[in-house]
2 protein chains.
Amino acid sequence: MPKINRTKYAILGLLLLGPMSGYDMKKRFTGSISHFWNENYSGIYPMLRRLQKVGLVKKNEERTAGKPVRHVYTITEEGRKQLYEWLLLPAERPTLRIELLLKLFFGHIVPEENLIEKVEAEKRFCDQTLETFKGIEEHLSSTGSHKELPGAKFWLITLSYGKHYYDAVRSWCEETVDILRGGKK
Amino acid sequence: MPKINRTKYAILGLLLLGPMSGYDMKKRFTGSISHFWNENYSGIYPMLRRLQKVGLVKKNEERTAGKPVRHVYTITEEGRKQLYEWLLLPAERPTLRIELLLKLFFGHIVPEENLIEKVEAEKRFCDQTLETFKGIEEHLSSTGSHKELPGAKFWLITLSYGKHYYDAVRSWCEETVDILRGGKK
DNA sequence: GCGCCCATGTAACTAGTTACATGATTCA
DNA sequence: TGAATCATGTAACTAGTTACATGGGCGC
């Protein structure tokens, strides 16, 4: 089986939220969905052109005085259909490459203090991310901006995944620091 | 900053466990460390040659009657030094691309039963993996094969990460199935 | 005047996956 | 006799990252 191009579907999917430009998409990928997906400009722009060429999206140019031209894309019926087909397929699992664990696995040759630093950095990252999630949730419930999304439920589900995940990693970090400190020879 | 080649260090690191062939390495990558790292033959063999050429590993050919020649590699002092330098550096975080979440995020256009299936498949995967971990742990404690590794402690730490992770995802799956079933319109 | 935001994109590179290619031995 | 394991590797492709390139507007 050849590898499926997920950038294509990530882009088509974003267009379900409404017409937008490549720049808008990048903002989404850096924002609240960054904890489970990301794309760079160098993936987005060429893909948008390709999708336009084969008729899965339509382009409109928006001109506002004193601002750069915006290339705003809309999903077509055919685009929607192909996205739908892909959504039905089983989700492929990512092959993990967790550098932190690789470094810990070979950790017996470096000073333990160095390992502890790494684990604590990871913990700080978890804390930060969990804070961000809290902020997003509050923002969502207070402003009622869930109307922006056609499926706020699904959006909460992905957020919940993040919470479970970072909570788990966070407590692993705590345990691990204890082991590393306590188990000192 | 240019991207660092982690395959290089994954291979050098494995050689800390003792001399081995590319084939042996692949077995490790498919075995008990597969939950945090993987490499394919197509990454391993060319890298071993490259590492040999620059003197980070040494090759010995082992001939056994009736068996293919084994190319057994050993890490050199210089290899160990370079690995050490890399181990000290902060671990880079992977950019996540979780297809399941992407599909759920756009899930409002497909039948919910299809989404539930995907989440349940994920749960089954977690259960399976957790079972495997249990097996590994038992095997380790019963046979005392932890002597095989220079740092059994670190090995348990990586295993524990996996347990935390899959436990968390597993309970997220349960919650999510409930939401999807209960929240039916 | 500086830096950030808006907004578009390309070029060059690095990494990663899959398919291809070969062939002996061992075990059921 | 057929599948699995041992054992090596290459070729072709796909995906992903970083650096490069440009330029106006806005706020401090």
Side-chain angles (χ1 to χ4, degrees), chain A residues 1-11 14 19-31 34 36-53 57 59-73 86 92-99 102, chain B residues 1-11 14 19-31 34 36-53 57 59-73 86 92-99 102:
Chain A
M1 249 183 301
K3 188 95 181 175
I4 281 173
N5 189 328
R6 292 121 93 220
T7 300
K8 169 176 166 185
Y9 299 102
I11 284 177
L14 278 190
M20 63 178 89
S21 67
Y23 191 79
D24 296 333
M25 288 176 179
K26 180 57 186 164
K27 267 191 295 183
R28 302 268 179 175
F29 286 126
T30 331
S34 66
F36 68 87
W37 206 265
N38 185 50
E39 296 286 347
N40 300 308
Y41 286 128
S42 51
I44 297 170
Y45 287 123
M47 182 55 76
L48 279 171
R49 278 225 249 160
R50 233 178 85 188
L51 293 178
Q52 193 202 356
K53 212 158 50 182
V57 303
K59 182 164 90 173
N60 276 83
E61 300 202 357
E62 245 177 43
R63 281 154 215 279
T64 316
K67 282 203 175 165
V69 183
R70 274 165 57 80
H71 301 232
V72 178
Y73 295 86
W86 179 76
E92 271 180 64
R93 299 194 43 82
T95 50
L96 298 178
R97 291 197 155 192
I98 307 174
E99 200 177 302
L102 194 64
Chain B
M1 249 184 302
K3 188 93 181 176
I4 282 174
N5 190 326
R6 293 123 91 223
T7 300
K8 170 178 166 183
Y9 299 103
I11 284 177
L14 278 191
M20 63 178 89
S21 68
Y23 190 80
D24 295 333
M25 288 179 179
K26 181 58 185 163
K27 266 191 295 184
R28 301 268 179 176
F29 286 126
T30 330
S34 67
F36 68 88
W37 207 266
N38 185 49
E39 297 285 348
N40 300 309
Y41 286 127
S42 52
I44 297 169
Y45 286 121
M47 182 56 74
L48 279 170
R49 277 225 247 160
R50 234 177 83 190
L51 293 177
Q52 193 202 356
K53 210 158 51 182
V57 303
K59 183 165 91 174
N60 276 84
E61 301 201 357
E62 245 177 41
R63 283 154 213 280
T64 316
K67 282 202 175 166
V69 183
R70 275 165 55 81
H71 301 231
V72 179
Y73 295 87
W86 179 76
E92 272 181 63
R93 296 194 45 80
T95 51
L96 299 178
R97 293 197 154 192
I98 306 173
E99 200 177 301
L102 194 64

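Small disclaimer: the values here were computed from a predicted structure and weren't measured. Lettering of chains follows the sequences in order, A, B, ..., and the numbering in each one begins at 1.
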So, does B/N5 get its side chain near the phosphate of C/dT14, meaning an N or O under 4.0 Å from OP1 or OP2? no

List the residues meeting side chain to side chain donor-acceptor pair (under 3.5 Å) with B/Q52, not counting sequence neighbours, and say none if there are none. none

One would report the end-axis bend of the helix from C/dG1-D/dC28 to C/dA28-D/dT1, five pairs per end and rounded to 10 degrees, as 40°

B/K27 meets the side chain to side chain donor-acceptor pair (under 3.5 Å) criterion, sequence neighbours left out, with none

Sorted by chain and number, sequence neighbours left out, side-chain contact (heavy atoms from CB on, under 4.5 Å) with B/P19 holds for B/V72, B/T74

Does C/dT17 have OP1 or OP2 sitting under 4.0 Å from an N or O in the side chain of A/T95? yes

Figure out the CZ/P separation between B/R97 and D/dT14, and round it to whole Å. 16 Å

What integer distance in Å separates A/M47:CE from D/dT14:P? 12 Å

Quickly work out the B/K8 NZ to C/dT14 C1' distance and round it to whole Å. 14 Å

Over how many whole Å does the gap from B/R6 atom CZ to D/dG16 atom C1' extend? 12 Å

Would you say the side chain of B/W86 lies within less than 4.5 Å of the side chain of B/I4, judging by non-hydrogen atoms? yes

Please collect all salt bridge (Lys or Arg N to Asp or Glu O under 4.0 Å) contacts where either partner lies in residues 39-50 of chain B, sequence neighbours excluded, each pair once. A/R97-B/E39

What is the separation between atom CD on A/E39 and atom P on C/dT8, rounded to the nearest whole Å? 16 Å

Sequence neighbours excluded, the answer for ring pair (Phe, Tyr, Trp, His ring centres under 6.0 Å) partners of B/Y23 is none

Any side-chain heavy-atom pair from B/W37 and A/L96 closer than 4.5 angstrom? no

Between protein and nucleotides 7-11 of chain D, what N or O pairs are separated by less than 3.5 Å?
{"unit_1": "D/dA7", "atom_1": "OP2", "unit_2": "B/R70", "atom_2": "NH1", "d": "3.3"}
{"unit_1": "D/dT8", "atom_1": "OP1", "unit_2": "B/H71", "atom_2": "N", "d": "2.9"}
{"unit_1": "D/dT8", "atom_1": "OP2", "unit_2": "B/Y23", "atom_2": "N", "d": "3.0"}
{"unit_1": "D/dT8", "atom_1": "OP2", "unit_2": "B/Y45", "atom_2": "OH", "d": "3.0"}
{"unit_1": "D/dT8", "atom_1": "O5'", "unit_2": "B/Y45", "atom_2": "OH", "d": "3.4"}
{"unit_1": "D/dG9", "atom_1": "O3'", "unit_2": "B/R49", "atom_2": "NH2", "d": "3.3"}
{"unit_1": "D/dT10", "atom_1": "OP1", "unit_2": "B/R49", "atom_2": "NH2", "d": "2.3"}

Those residues at least two apart in sequence (or on a different chain) that pass side chain to side chain donor-acceptor pair (under 3.5 Å) with A/K67 are none

Quick one: A/I4 CD1 to C/dT18 C1', roughly how many Å, whole number? 14 Å

Taking OP1 and OP2 of C/dT17, is either one under 4.0 Å from a side-chain nitrogen or oxygen of B/N40? yes

Just the rounded figure in Å: distance from C1' of D/dG16 to CD1 of A/I11. 13 Å

The criterion is salt bridge (Lys or Arg N to Asp or Glu O under 4.0 Å); which residues satisfy it with B/R6, sequence neighbours excluded? A/E99

Here the distance between atom P of C/dT17 and atom CG of A/L96, to the nearest Å, is 11 Å

